[in-house]
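Shown next, in structure tokens, is the structure this report addresses.
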Amino acid sequence: MMRTVFGLTGLLCVVALAACSAPRSGTSSEAVQNIFPPPFERQIYPFEVRDASGRPYDHPFLGGFNLPRPQFADIDGDGDFDLFVQEVTGRVKFFEHIGTPEEPRFRWRTDHYGGLDIGEWYRFIDLDEDGDLDLLAEELFSYVRYFRNDGTPQEASFSLVTDSLKDAAGVPLFADRQNIPNLTDIDCDGLIDLFIGRIDGTVIRYESVGRDDVGLPRFQLVTERFEDIEIVAQIGTMHGANTLNFNDVDGDGDEDLFWGDYFEPGLLLIRNTGSCASPSFRNEPLSFPLDDPVRTSGYNDPVFADLDGDGDDDLFIGVLGGAFNPNHTASDNFYHLEVEDGVFTERTRRFLYGIDIGNESIPAFADLDADGDLDLLLSNKIASDDFETARIYHFENQGTATEPSFQLIGPLDIDGQFHYAPALADFDGDGDLDMLLGTWNKGLSFYRNTGSAEAPAFTLEEETYIKLTRGSNSTPALVDIDADGDLDLFVGESSGELNFYRNTGSAEAPTFELVTDNFDDIDVGRRSAPTFIDLDRDGDQDMVVGREADGLAFFRNDGTPQEAAFVPDSSFALPVPIYTIPAFPDIDADGDADFFSGGIGGGLVFFENRRF
């Protein structure tokens, strides 16, 4: 008899979920069941998840970071620094500071602060000098958008004033979108200077010259080669992305320049050897910190903030992934270096500590130890410590079916391929879970459980169990699509189409025969990842397909349990990551399916189904 499994395998239980539990009091059972789309609610802190050492993740379901672009700003005027982090184009996450100077703590509030479109970069600054923070951001393509804060220091309210700031002659300011600019009063004359790095390693300087007749700030070009700075990359090219910031790191009363570059394996410091009124940066860049330089994949975004109120600024670095194998920094990419007596000491490489296994995470839920609750397997594209393989991480549910609590046990003893995508089921009728494993270019491999239901041991039995007719990045989903008592197989792949294999064998001895490599002529774009669930609760299996971009694709089954007929339906949508990989386990055993998704960031996002 097949055991119930969840994730890419879909919800294999075709019994109506309403039979599993009663609705909350005060609601009609029929009315609650028929809510569509289901009332999913984003949760970051729903239950405890611990790393391999037993330390709880502070922010378990953020979704992971690959390209964090941080900035600290007191956006609510309460005297402490809140945190903003951009991870994807156009949106910035907001974390409110809820701790104390002695114990800073941040709480996620939104993935899309203010609904603002910030393009590829953003900077908070009081540009109109009215006492609250305004916002500069990238305007497509490579101009400087200005959002004015029309609220207060305590309650910001941003409105778009112009799609590009202009110079004194009225010409829009151009800033290459891959280069993150910064602003400061570099010469202490009371006028804000704007610095824009260019792809050839030079820096443009503008200085504010008042406002135009409608109150917009204008900037005068000072020089296209600020202090003759030219950062020449270490691997023989000057073409790349860069980011810069300023801080008085040596306490001499003037601001020094910090530079991150796509082709630099660390952070560079160019000291200001002049004064506040007469700055001078005509000296060689130095790797920073001076006594123990940071070494990353490159393209480091430095920011400074005195979070602990001790009078000096700690250093935070978002590692954006440069030329030196960004797989190294797919997880360890948000550095915090604390300064004491002028010495910077690394405190963490994951300042916002959440589930993050690297890049392109894929979840699968199943009761791996036969204790009655759902455990989690989370696989990735490539390991950060071994570039010859992907990894599958096992998170054991050490709580209960209704009150889950997960502990990272470690990676499974499976290696040698990339882009792992597991699907679990009892293929041989022996009462334990076996595994179909999607890979980058080997199709599907079959791993038999040679252990037990309580202590699985997955042993490779057939490396190419199923070979796709074309394409790569196979993502399997098992479902009894014809209600004949055995599991059929759907496989997503890189082209965005779907492969369908009917089980012409039995539940205990499946035989998958290819019916079509272009199921229903469905093409979701790129990187299709199907899963199945009776989302509209009408007794048959609907299909939800993850993909590289444009969110989830939902196909309602307007047929029957015996003969599916899938119809595209845009009424179901959730804000999901790039490379979204959906899973619908009932993680709290309340009778409705919750939603998890992996994604490009290497973590998980979680939406609780509030139906019951």
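Only heavy atoms go into these numbers, but all of them, side chains included; no hydrogens, no water, no symmetry mates.
Contact annotation: the side chain of T296 never approaches that of P265 to less than 4.5 Å [non-hydrogen atoms, C-beta and beyond]. Side-chain atoms of H419 and T475, non-hydrogen and from C-beta on, never get closer than 4.5 Å to each other. Taking the side chain as every heavy atom from C-beta outward, T389 and Y420 approach each other to under 4.5 Å. Residues E87 and L67 have side chains in contact (heavy-atom distance under 4.5 Å, counting atoms from C-beta outward). At a threshold of 4.5 Å between non-hydrogen side-chain atoms, the residues V479 and L487 do not count as touching. Within the 4.5 Å cutoff, the side chain of I414 has heavy atoms near those of the M435 side chain. In this structure, D586 and D592 have side chains that are in contact, with non-hydrogen atoms separated by less than 4.5 Å. Within the 4.5 Å cutoff, the side chain of D375 has no heavy atoms near those of the L377 side chain.
Residues F607 and F40 share a closest heavy-atom pair of O-CD2, 3.7 Å. When every heavy atom of L604 is checked against every heavy atom of P363, the shortest pair comes out as CD2-CB, 3.7 Å. Residues G321 and P326 approach most closely at CA-CB, 3.8 Å, considering heavy atoms. Shortest non-hydrogen contact noted between Y122 and P70 is OH-C, 3.4 Å. Closest approach of F566 to Q541, counting heavy atoms only: CE2-O, 3.3 Å. Between A529 and I581, the closest heavy-atom pair is CB-CD1, 3.6 Å.
None of I466, N441, V491, N499 except one satisfies the side-chain contact (heavy atoms from CB on, under 4.5 Å) rule with S474; the exception is V491. When each of R470, R547, K467 is checked for a salt bridge (Lys or Arg N to Asp or Glu O under 4.0 Å) with E493, only R470 meets the rule. Here the rule is side-chain contact (heavy atoms from CB on, under 4.5 Å) with F406, and of D373, L374, I587, L378 only I587 fits it.
At least one donor-acceptor pair closer than 3.5 Å links the side chain of D534 to the backbone N or O of G539. Proximity of a side-chain donor or acceptor of D520 to a complementary backbone N or O of I522 within less than 3.5 Å is not detected. Side-chain atoms of S379 do not come within 3.5 Å of backbone N or O of R391 as any donor-acceptor pair. Side-chain N or O atoms of D480 include one that pairs as donor or acceptor with a backbone N or O of G485 at under 3.5 Å. In this structure a side-chain-to-backbone donor-acceptor pair under 3.5 Å is missing from E139 to F141. Listed for the N333 side chain is a donor-acceptor partner under 3.5 Å among the backbone atoms of A330. Side-chain N or O atoms of E138 include none that pairs as donor or acceptor with a backbone N or O of G119 at under 3.5 Å. A donor-acceptor contact shorter than 3.5 Å is absent between the side chain of N503 and the backbone of P510. E608 contributes no side-chain N or O that, together with a main-chain N or O of D594, makes up a donor-acceptor pair within less than 3.5 Å. A distance-only check finds a donor-acceptor pair linking the side chain of S445 to the backbone of E463 [under 3.5 Å].
Between H112 and F94, the ring center distance fails the sub-6.0 Å criterion. Ring-centre distance between F427 and F446: below the 6.0 Å cut-off. A distance below 6.0 Å separates the ring centres of F554 and F572. In this structure, F84 has its ring center under 6.0 Å from that of Y113. Ring centroid separation for the pair F334 and F351 comes in under the 6.0 Å cut-off. Residues F490 and F532 bring their aromatic ring centres within 6.0 Å. Centroid-to-centroid, the aromatic rings of F500 and F519 come within less than 6.0 Å. Note: F596 and F584 fail the aromatic proximity criterion, with ring centroids not under 6.0 Å apart. Aromatic ring centres of Y353 and H59: separated by at least 6.0 Å.
Looking at S597 and T580, their side chains do bring a donor and an acceptor atom within 3.5 Å of each other. Between the side chains of R50 and S405, at least one donor N or O sits under 3.5 Å from an acceptor N or O. With hydrogens and angles left out, the side-chain atoms of S297 and T329 include a donor and acceptor closer than 3.5 Å. T469 and D517 form a side-chain donor-acceptor contact under 3.5 Å, judged by distance and modelled atom types alone. No donor-acceptor contact under 3.5 angstrom links the side chains of N518 and T516, judged on distance only.
Within a 6.0 Å sphere centred on CD of E563, other residues, nucleotides and ligands contribute 12 heavy atoms or fewer. Around CD of Q562, the count of heavy atoms belonging to other residues, nucleotides or ligands within 6.0 Å exceeds 12. Within a 6.0 Å radius of CZ in R91, other residues, nucleotides and ligands contribute 12 heavy atoms or fewer.
The residues D301 and R69 are annotated as not salt-bridged, no charged nitrogen and carboxylate oxygen being separated by less than 4.0 angstrom. A salt bridge is defined here as a Lys NZ or Arg NE, NH1 or NH2 lying under 4.0 Å from an Asp or Glu carboxylate O, and D538 with R556 fails to meet this definition. Under a 4.0 Å N-O distance rule, the pair E513/R502 does not qualify as a salt bridge.
Taken from CG in N327 to NZ in K381, the straight-line distance is 6.5 Å, to the nearest 0.5 Å. The structure places CG of L320 at 12.0 Å from CD of Q178, a figure rounded to the nearest 0.5 Å.
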Residues N359, Y579; criterion side-chain hydrogen bond (donor to acceptor under 3.5 Å, both in side chains); working and verdict: CA-CA 10 Å; N359 202 349; Y579 291 113; over 6 Å; no
Residue pair D111, R42: steps toward the salt bridge (Lys or Arg N to Asp or Glu O under 4.0 Å) verdict: CA-CA 10 Å; D111 275 348; R42 178 79 190 274; 2.5 Å; yes
Pair T504-T511, side-chain hydrogen bond (donor to acceptor under 3.5 Å, both in side chains): steps then yes or no: CA-CA 5 Å; T504 60; T511 300; 4.9 Å; no
Derivation and outcome, side chain to side chain contact (heavy atoms under 4.5 Å, CB included), residues L352 and R350: CA-CA 6 Å; L352 292 176; R350 299 176 64 178; over 6 Å; no
Side chain to side chain contact (heavy atoms under 4.5 Å, CB included) evaluation trace for D371 with E454: CA-CA 8 Å; D371 64 350; E454 295 78 15; over 6 Å; no
Residue pair F606, F595: steps toward the ring pair (Phe, Tyr, Trp, His ring centres under 6.0 Å) verdict: CA-CA 6 Å; F606 170 56; F595 176 80; 9.0 Å; no
Pair R526-E548, salt bridge (Lys or Arg N to Asp or Glu O under 4.0 Å): steps then yes or no: CA-CA 6 Å; R526 274 187 51 80; E548 177 178 321; 2.9 Å; yes
Trace of the side-chain hydrogen bond (donor to acceptor under 3.5 Å, both in side chains) decision for D540 with T560: CA-CA 6 Å; D540 54 35; T560 66; over 6 Å; no
